Amino acid sequence: MVLDAPQAVGRFSLQENGSLTVREASVFDRGTYLCKVSTEYGTSVMNVPVIVIAYPPRITSEPAPVIYARPGNSVKLNCMAIGIPKAEITWELPDKSHLTTGAQSRLYGNKFLHPQGSLVIQQPTQRDAGFYKCTAKNILGSDSKTTYIHIF
C-alpha cells in the first residue's frame, strides 16, 4: 500500500507533516515501512523497522483449586494476568452470572471486584459456595482458572 498524500486508508493515516499512524496495531503490522520524500533538490528514503509486541494473556496469580471458608469470614480470590494488549478479567460465579473488571473497584452485593482482577467475597454465606472461574482475555487469546469455595 502506498500513501502519497495526507489521507486515511483503513487503519492507516498519513498526516500533513509526514507522520504515519496505524490504529489498532497488531502483530500483523510488523515489518519495514518505507518513508520517501521528494523535492526539487532530490529524493530521500528512510526505512523504519517496526516490531509490534503482543502476546495472549497468562494468569500469574490465581486462587487455590479449593478454598474452605467459614460463614462471615471474607474470602479473597486472586486473578491477575499479563498480556499485551492488556487482558480483560471476567469472573463467572456459581449462578453463571459474570463480573468484569473496570477502571474502578466495583461492589456487586457482597462481592468486591478490584480493577486488577481480585474478587473479595465479604461475609460469605452458603449461597456463595460453588465454582468461581476467572478468565483473562485479549484479542490474541485467553487463560482461565477455576476454584471451588466450600462454606462450612
Side-chain angles (χ1 to χ4, degrees), residues 1-67 69 74-122 124 128-149:
M1 174 188 320
V2 175
L3 300 179
D4 54 7
Q7 61 184 301
V9 178
R11 296 177 300 109
F12 298 88
S13 300
L14 180 60
Q15 311 300 319
E16 189 77 44
N17 67 4
S19 297
L20 178 69
T21 302
V22 182
R23 288 187 320 283
E24 299 175 23
S26 76
V27 291
F28 303 108
D29 295 312
R30 69 180 179 255
T32 301
Y33 290 73
L34 180 70
C35 177
K36 182 177 178 182
V37 177
S38 296
T39 69
E40 67 263 22
Y41 303 109
T43 300
S44 179
V45 178
M46 180 174 75
N47 289 317
V48 180
V50 173
I51 299 171
V52 179
I53 299 172
Y55 52 92
R58 185 170 51 87
I59 295 174
T60 57
S61 177
E62 63 190 84
V66 179
I67 295 174
S74 291
V75 176
K76 183 177 183 181
L77 305 176
N78 288 321
C79 185
M80 295 181 190
I82 57 171
I84 296 177
K86 185 176 186 252
E88 176 184 80
I89 295 181
T90 302
W91 281 95
E92 181 180 308
L93 308 182
D95 66 2
K96 301 301 182 196
S97 64
H98 291 85
L99 306 179
T100 302
T101 57
Q104 304 285 329
S105 295
R106 297 178 181 174
L107 185 62
Y108 301 90
N110 69 330
K111 293 167 184 67
F112 188 75
L113 183 59
H114 292 272
Q116 296 82 14
S118 296
L119 180 67
V120 177
I121 304 167
Q122 301 170 333
D128 296 306
F131 284 102
Y132 288 77
K133 181 179 179 182
C134 167
T135 301
K137 186 176 190 178
N138 71 12
I139 194 168
L140 297 174
S142 66
D143 189 16
S144 63
K145 303 293 179 191
T146 302
T147 188
Y148 188 87
I149 296 181

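What you see is a predicted model, and the numbers here were worked out from it, not measured in a lab.
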**Request:** Search all heavy atoms of Ile89 against all heavy atoms of Cys79 and return the closest pair with its distance.
**Result:** CD1-O, 3.2 Å

**Item:** Considering all heavy atoms, the nearest Gly102-Pro115 contact
**Value:** O-CB, 3.3 Å

**Request:** Look at the side chain of Asn78 and the backbone N and O of Ser61, then say whether any donor-acceptor pair between them is shorter than 3.5 Å.
**Result:** no

**Asked** Just wondering, do Lys86 and Ile84 contact through their side chains at under 4.5 Å, heavy atoms?
**Response** no

**Complete:** Only residue of Phe112, Tyr108, Tyr132 satisfying side chain to side chain contact (heavy atoms under 4.5 Å, CB included) with Leu119 is Tyr132

**Val75 vs Ile149 side-chain heavy atoms within contact, under 4.5 Å** = yes

**Message:** For Thr101, is there any backbone N or O sitting under 3.5 Å from a side-chain donor or acceptor partner on Trp91?
**Reply:** no

**Item:** Residues which pass side chain to side chain donor-acceptor pair (under 3.5 Å) with Lys111, listed by chain and number, not counting sequence neighbours
**Value:** Asp128

**Request:** Give a yes or no answer on whether the side chain of Asn138 reaches the backbone of Pro85 with a donor-acceptor pair at less than 3.5 Å.
**Result:** yes

**Asked** Does the pair Thr135 and Ile59 meet the rule for a side-chain contact (heavy atoms from CB on, under 4.5 Å), with working shown?
**Response** CA-CA 8 Å; Thr135 301; Ile59 295 174; over 6 Å; no

**Check: Thr147 side chain, Pro63 main-chain N or O, donor-acceptor pair, under 3.5 Å** = no

**Request:** Decide if atom CD of Glu24 counts as having more than 12 heavy atoms of other residues, nucleotides or ligands within a radius under 6.0 Å.
**Result:** no

**Message:** Can you tell whether the side chains of Asp29 and Arg11 come within less than 4.0 Å, N to carboxylate O?
**Reply:** yes

**Asked** What are the two closest heavy atoms between Pro57 and Gly141, and how far apart are they?
**Response** CD-O, 3.3 Å

**Request:** Compare all side-chain heavy atoms of His98 with those of Leu93 and state whether any distance is below 4.5 angstrom.
**Result:** no

**Prompt:** Any side-chain heavy atom of Ile67 within less than 4.5 Å of one from Tyr148?
**Reply:** no

**Request:** For Arg23 and Gly10, indicate whether the former's side chain and the latter's backbone hold a donor-acceptor pair under 3.5 Å.
**Result:** yes

Would you give me the side-chain donor-acceptor pairs under 3.5 Å for residues 44-51, sequence neighbours excluded?
none

**Asked** For Leu107, does the CG atom have more than 12 heavy-atom neighbours from other residues, nucleotides or ligands under 6.0 Å away?
**Response** yes

**Item:** Asn110 vs Ile121 side-chain heavy atoms within contact, under 4.5 Å
**Value:** yes

**Request:** Please tell me if the side chains of Met80 and Ser118 come closer than 4.5 Å, counting only heavy atoms from C-beta onward.
**Result:** yes

**Asked** If you take all heavy atoms of Ser13 and Ala8, which pair is closest and at what distance?
**Response** OG-CB, 3.7 Å

**Prompt:** Is the number of heavy atoms from other residues, nucleotides or ligands under 6.0 Å of Ile139 CD1 greater than 12?
**Reply:** no

**Asked** Which residue pairs pass the disulfide bond (SG atoms under 2.5 Å apart) test with at least one member in residues 4-65, sequence neighbours excluded?
**Response** none

